[in-house]
Amino acid sequence: DVLQESVKLEGVKFQLDGPDLIDKAVARKLAKLEVFRKIRGSLILNGLISIDKDVAAELAKLEGYTYLSLCGLTSIDEGVAKELAKVYGLFLTGLTSIDKDVAKELANIEGSLEVDGLTLISKDVAQELVKYEGWLSLSGLTSIDKDVARELGRFKSRKMVVSLLTNSILDTTQIPR
């Protein structure tokens with residue numbers, strides 16, 4: 001099978017840049033690749049521009065400590081987010097905005113969550129994201145208001161990266177608590 005042979009060549013990282021859409025059957029095959037059951041790895045599908053709930057459900061069947069990278073997605077709905085939250089780590093750096101319901105689902109991921117494409121988040125989204133218990137990256141934010149800063153200041157988990165993409169320096173001692 002071409003997928004299995006590709007994994008043998010790549011080792012722990014399997015990257016498929018070609019397609020911008022995959023169906024449920026392809027997603028199922030990718031999630032069942034033997035290599036992901038044995039070692040920590042990454043399935044990189046950054047060429048995808050859209051997935052539905054069924055495809056997300058199949059990709060979410062990745063086993064072990066496997067990271068799923070879907071950086072070509074610019075938006076997802078609550079149903080897709082709920083399915084994707086079942087993977088160990090998720091890179092969604094192409095998302096440009098999310099609502100409270102999507103944030104609530106993404107906060108259920110066990111490992112890392114990178115949503116660096118978000119340039120602005122609302123207080124409601126921040127309230128959901130701070131419930132997350134893993135490693136969170138929000139390094140694409142261009143500004144945050146006091147209410148959002150206050151919410152982000154409540155984050156108690158492993159690590160959160162917030163890098164404001166401006167010429168100013170964020171003094172974390174000034175974040176209201």
Side-chain angles (χ1 to χ4, degrees), residues 12-17 22 27 30-31 36 39-145 147-165 170 172 175:
V12 298
K13 180 173 93 172
F14 183 70
Q15 186 164 345
L16 187 61
D17 289 330
I22 61 173
L30 289 168
F36 297 129
I39 52 178
R40 185 173 295 213
S42 299
L43 176 56
I44 303 167
L45 300 170
N46 292 338
L48 295 180
I49 58 171
S50 177
I51 63 172
D52 62 24
K53 184 178 176 180
D54 292 336
V55 169
E58 292 300 328
L59 291 173
K61 293 177 182 174
L62 284 165
E63 295 184 14
Y65 297 105
T66 303
Y67 295 86
L68 179 59
S69 183
L70 299 169
C71 297
L73 301 179
T74 56
S75 66
I76 59 173
D77 63 28
E78 180 183 1
V80 168
K82 183 175 185 168
E83 294 302 326
L84 292 178
K86 297 173 185 173
V87 302
Y88 179 75
L90 188 58
F91 303 118
L92 294 169
T93 59
L95 293 184
T96 54
S97 67
I98 59 174
D99 63 24
K100 179 181 178 176
D101 296 328
V102 169
K104 181 178 181 177
E105 295 301 335
L106 292 177
N108 293 312
I109 293 171
E110 184 180 341
S112 299
L113 174 60
E114 290 190 21
V115 284
D116 298 335
L118 300 177
T119 57
L120 188 66
I121 60 172
S122 68
K123 178 182 174 182
D124 291 341
V125 168
Q127 286 173 336
E128 295 302 327
L129 290 177
V130 298
K131 296 174 186 174
Y132 175 58
E133 296 181 4
W135 189 93
L136 175 63
S137 181
L138 293 164
S139 65
L141 296 178
T142 55
S143 68
I144 55 175
D145 64 28
D147 291 335
V148 170
R150 185 175 289 113
E151 293 304 322
L152 293 178
R154 293 185 175 130
F155 188 76
K156 303 252 187 269
S157 191
R158 292 184 220 158
K159 183 176 181 182
M160 177 174 51
V161 175
V162 177
S163 302
L164 292 180
L165 297 176
L170 175 64
T172 56
I175 293 177

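Looking at residues two or more places apart in sequence or on another chain, you find no side chain to side chain donor-acceptor pair (under 3.5 Å) involving Ser122.
Side-chain contact between Leu92 and Leu106 is present, with at least one heavy-atom pair separated by less than 4.5 Å. In this structure, the side chains of Ile51 and Val80 come closer than 4.5 Å at one or more pairs of heavy atoms. Inter-residue side-chain proximity for Val115 and Leu138 is flagged as met; some heavy-atom pair is nearer than 4.5 Å. Side-chain atoms of Ser143 and Leu120, non-hydrogen and from C-beta on, do get closer than 4.5 Å to each other.
Salt-bridge formation is not detected for the pair Asp101/Lys104: no Lys NZ or Arg NE/NH1/NH2 atom is positioned less than 4.0 Å from an Asp or Glu carboxylate oxygen.
The CD atom of Glu114 sits 7.5 Å away from atom SG of Cys71, with the distance rounded to the nearest 0.5 Å. How far CG of Leu84 is from CG of Leu70: 6.0 Å, rounded to the nearest 0.5 Å. Here the CG atom belonging to Leu152 is positioned 4.5 Å from the CD1 atom belonging to Ile121, to the nearest 0.5 angstrom. For the atom pair Glu58 CD and Glu83 CD, the distance stands at 9.5 Å (nearest 0.5 Å). Note that CG of Leu136 is 8.5 Å distant from CG of Asp116, once rounded to the nearest 0.5 Å. Note that CG of Asp145 and CZ of Arg150 are 9.5 Å apart. Values are rounded to the nearest 0.5 Å.
Pairing each heavy atom of Asp147 with each of Lys123, the nearest pair is CB-CD, 3.9 Å. The minimum heavy-atom distance linking Val102 with Asp77 is given by the pair CG2-C, 3.7 Å. Here the shortest heavy-atom pairing between Ala126 and Val148 reads CB-CG1, 4.1 Å. Annotation for Ile144 and Ala149: closest pair CD1-CB, 3.9 Å, computed over non-hydrogen atoms. When all heavy atoms of Leu68 and Leu45 are compared, the closest pair comes out as CD1-CD1, 4.3 Å. The two residues Lys53 and Gly79 have their closest heavy-atom pair at CG-O, 4.0 Å.
Between Phe91 and Tyr67, the ring planes lie parallel to each other; the angle is under 30°, not in the 30° to 60° tilted range.
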